[in-house]
There are 2 protein chains.
Amino acid sequence: MATIKDVAERAGVAPSTVSYVLSGSRKISEDTRRAVQAAIAELDYHPRASARTLRSARSDVLALAVPRVPGEYRAVDGRFAIDISDAARDHGYDLLLMTDLDGVGGLRRVAGSGLADAAVLMAVEEQDPRIGAMRELGFPTVLLGRGDDDSALPWVDLDWEAAVALALRETVAAGHRHIAFLASADHEIAARRGYAVHGLDGARSAAKETGADIGVHRSSSDPDVLGRRVREVLGARSAPTALVVQHLHRLPHLLAEVAAAGLRVPEDLAVVPVGALPDDLGGRPLPRIDLPVAEMSSAVVELAVKAIAAAPPGRDTQDDPTPGLPPHRLIEPQMAPGLTIAPPKMPT
Amino acid sequence: MATIKDVAERAGVAPSTVSYVLSGSRKISEDTRRAVQAAIAELDYHPRASARTLRSARSDVLALAVPRVPGEYRAVDGRFAIDISDAARDHGYDLLLMTDLDGVGGLRRVAGSGLADAAVLMAVEEQDPRIGAMRELGFPTVLLGRGDDDSALPWVDLDWEAAVALALRETVAAGHRHIAFLASADHEIAARRGYAVHGLDGARSAAKETGADIGVHRSSSDPDVLGRRVREVLGARSAPTALVVQHLHRLPHLLAEVAAAGLRVPEDLAVVPVGALPDDLGGRPLPRIDLPVAEMSSAVVELAVKAIAAAPPGRDTQDDPTPGLPPHRLIEPQMAPGLTIAPPKMPT
DNA sequence: CTGTTAGCGCCTTCAG
DNA sequence: CTGAAGGCGCTAACAG
């Protein structure tokens, strides 16, 4: 294991010179630089991360806190983990994956021990205890998904209101007049999750704006309940010609219900998912609004890096009066390109 | 940011005493211990990870190298990342997610800088350059999936041969005599990927053992090609009554083809996926062999921890003659409980 | 049973 | 333009 001293010796210079060559924070003569770099290559020298971190109070690591429900797995978590890792790398950071079953303990440890410089909190819930804990510690933290209190911490989220409104507007533009909107599940709405609430808002404003007949229906995580509601909606007297779906967890199940009702997609019923991951679709090329994972990941890392710059580690910025609101990024939704919403069979 | 010195001062003891209380590597009187622990709690003291690592040459971090194809995302990668993180935590390790687009560079850096104590390599390919690089560095490394050379590094994999054989045997046991086995895709077989090769072996041995008519067909990552082959198989004169599928990437597409051929599942055709993730199934309760992600994750972390213990960091063990073969874990496949394979409509 | 001390590898003043 | 020195926080070998 080569150290900076070994490199210096081999290059015939002082250790500090090697350090300066590495950091570039001082002018070094061309000859010296070359000698040093040759020595580095020959010895396969790598600076010890721990020594750097100890000195500089910066680890160049971001922590990603993934919520974990035992026995359950949400595909979106893994997807974001990978993309956020890519984004972090682009900014010179490594990513530490925290899947803590016991809530806030792991995050406290990582923050307190200086293992990471900032945290990204996924799947933020109302009254998430992690938010308070991180604020109390004065630890730079960014939320993926809006919390209830916009002034608390920086955050990034898809603009769910705009997304649902866009999907509905496009559906109307395709000629549909009777549209069903399948919103989030009961318990998500009851918990006033951001995406659930804002999605409903979007449906409301689209209905007002377009004047179309838009029926709003809640989903359910119980397949049986969901199936019953879908059958009700599709079997009603003035059945919808299009279905805009925000609750995608059971989309294949839902499509099976549609098929079982004797309806073909999209001839009899256009189906438009909102906030979709590729896996949600079961391989079907539906017109849709994708969840912009890469863009959200990039944005959340950018905010994390900014938060680190604003709160230099090593000093308690706890009593800092937070000059102004924390920043946020509301990501604009877009229809997936290259697909069009089929028109209704018989326009009414 | 409290240090061990602050704690010592507040407790009226020496810094080393605090250290000993923390590590438990020395007898400490009850009174002293209590005083120290009170001080720790009052100051909310956390040991600096970087200082510990610098001293001990151990970071208590595992690196997970996830292969990345730009613009592509494999759901299985995210799934394993989360589960391996859980498993690492159980062993006292944190997990660093490496999604390096430029191959072996990131791994070298993490290994050389001491950021991690060991690496887990996902989705190992034949002739994977990362394997040689890690061996050369003498860095503890474990493979998730078999490489071609079993003596190279410790590894963990599902026993794909047993899995395919089991699925076929169970299908035969359900009464089927004409079975189609949809193997891995052309390019996977051409590349001699472990799971592809071993899956074919399993089909061969099951055919011999049961005497059933088992047709082996290669899959394709091209949906059109796959569709054509499936139609051929299902439309043949002696059409199969069951389909055992190892290539799950396009399962929903495949099921759509089956439906388009006018066949109902499972009445007309039993479908049995092998090595499935929940997402692969599109919500359908098919009889199947699941990919045992949790078990594989746990096993891979165990081997990584053992590899660390065998190669104490800080000393070059490069010239160690590797006393005996590296360990491995071949995970035994199991049919998903609570589901049965439907018998054929008209046994032949 | 507890205290003192040296040093892990690096960076960054300060001197030359 | 380069070198020497101190200290980041912690642990483990030496005292006592």
Side-chain angles (χ1 to χ4, degrees), chain A residues 1-37 39-40 43-60 109-115 117 312-316, chain B residues 1-37 39-40 43-60 109-115 117 312-316:
Chain A
M1 165 202 63
T3 80
I4 206 171
K5 238 175 173 171
D6 302 323
V7 175
E9 210 164 317
R10 203 172 213 295
V13 298
S16 57
T17 305
V18 178
S19 176
Y20 286 124
V21 168
L22 252 29
S23 69
S25 67
R26 193 197 243 187
K27 267 249 177 264
I28 298 286
S29 79
E30 196 46 40
D31 290 358
T32 309
R33 185 211 292 322
R34 242 197 291 283
V36 167
Q37 269 164 352
I40 287 177
L43 297 176
D44 190 30
Y45 165 76
H46 289 262
R48 298 255 117 200
S50 52
R52 282 197 148 154
T53 300
L54 180 59
R55 245 304 314 199
S56 67
R58 296 174 151 284
S59 62
D60 290 345
R109 180 177 57 83
V110 167
S113 69
L115 241 185
D117 295 333
R315 263 202 36 243
D316 267 341
Chain B
M1 166 201 63
T3 79
I4 206 170
K5 240 173 169 169
D6 301 325
V7 175
E9 210 165 316
R10 201 171 214 293
V13 298
S16 59
T17 303
V18 177
S19 176
Y20 287 123
V21 168
L22 252 28
S23 70
S25 68
R26 195 198 242 186
K27 267 248 177 261
I28 298 285
S29 78
E30 197 47 39
D31 289 0
T32 309
R33 183 209 297 315
R34 244 198 290 281
V36 167
Q37 269 165 352
I40 287 176
L43 297 176
D44 189 31
Y45 164 76
H46 289 264
R48 298 254 119 201
S50 52
R52 284 198 148 158
T53 300
L54 181 58
R55 257 284 335 188
S56 65
R58 298 174 149 284
S59 62
D60 290 344
R109 180 178 56 83
V110 167
S113 70
L115 241 184
D117 295 335
R315 263 204 34 246
D316 267 343

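Residue numbers begin at 1 in each chain, while the letters A, B, ... track the order of the sequences.
Residue contacts for A:Thr17: at a heavy-atom cut-off of 4.0 Å it reaches the sugar-phosphate backbone alone, with no base atom in range. Residue contacts shown for B:Thr53 are absent, as no nucleic acid heavy atom lies under 4.0 Å away.
Judged by distance alone with a 3.5 Å cut-off, a donor-acceptor contact links the side chain of B:Ser16 to the base of C:dT4.
At least one donor-acceptor pair closer than 3.5 Å links the side chain of B:Ser59 to the backbone N or O of B:Leu115.
Scored by the side-chain hydrogen bond (donor to acceptor under 3.5 Å, both in side chains) test, B:Ser50 finds no partners at all (sequence neighbours excluded). Partners of B:Arg52 under the side-chain hydrogen bond (donor to acceptor under 3.5 Å, both in side chains) rule, at least two apart in sequence or in another chain, do not exist in this structure. Among residues two or more places apart in sequence or in another chain, the side-chain hydrogen bond (donor to acceptor under 3.5 Å, both in side chains) test is passed with A:Ser113 by none.
Scanning all heavy atoms of the two residues, the minimum distance from A:Pro15 to A:Lys5 falls at CG-CG, 4.2 Å. Pairing each heavy atom of A:Ala39 with each of A:Ala11, the nearest pair is CB-CB, 4.0 Å. Here the closest heavy-atom approach between residue B:Val36 and residue B:Val7 is recorded as O-CG1, 4.1 Å.
Judged as a side chain to side chain donor-acceptor pair (under 3.5 Å), the pairs with a partner in residues 8-22 of chain A (not counting sequence neighbours) are, in order, A:Arg10-A:Glu42. Under the salt bridge (charged side-chain N to carboxylate O under 4.0 Å, His left out) criterion, the residue pairs touching residues 21-31 of chain B are B:Glu30-B:Arg33, B:Glu30-B:Arg34, with sequence neighbours excluded.
The end-to-end axis angle of the helix from C:dC1-D:dG16 to C:dG16-D:dC1, rounded to 10 degrees and based on five pairs per end, is 40°.
The structure places CD1 of A:Ile40 at 8.0 Å from CD1 of A:Ile4, a figure rounded to the nearest 0.5 Å. The structure places OG1 of B:Thr53 at 10.0 Å from CG of A:Leu54, a figure rounded to the nearest 0.5 Å.
Within residues 18-31 of chain B, the residues approached by DNA chain C to less than 4.0 Å at the level of any non-hydrogen atom are B:Arg26, B:Lys27, B:Ile28, B:Ser29, in residue-number order.
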Find every protein N or O atom lying less than 3.5 Å from an N or O atom of nucleotides 6-9 of chain C, and list the pairs.
from	atom 1	to	atom 2	distance (Å)
C:dG7	N2	B:Arg55	NH1	2.9

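When DNA chain D is scanned in the 5' to 3' direction for atoms under 4.0 Å from non-hydrogen atoms of chain A, the outermost contacting nucleotides are D:dC1 to D:dG9.
Contact check for B:Asp6 versus B:Thr3: side-chain heavy atoms found under the 4.5 Å cut-off.
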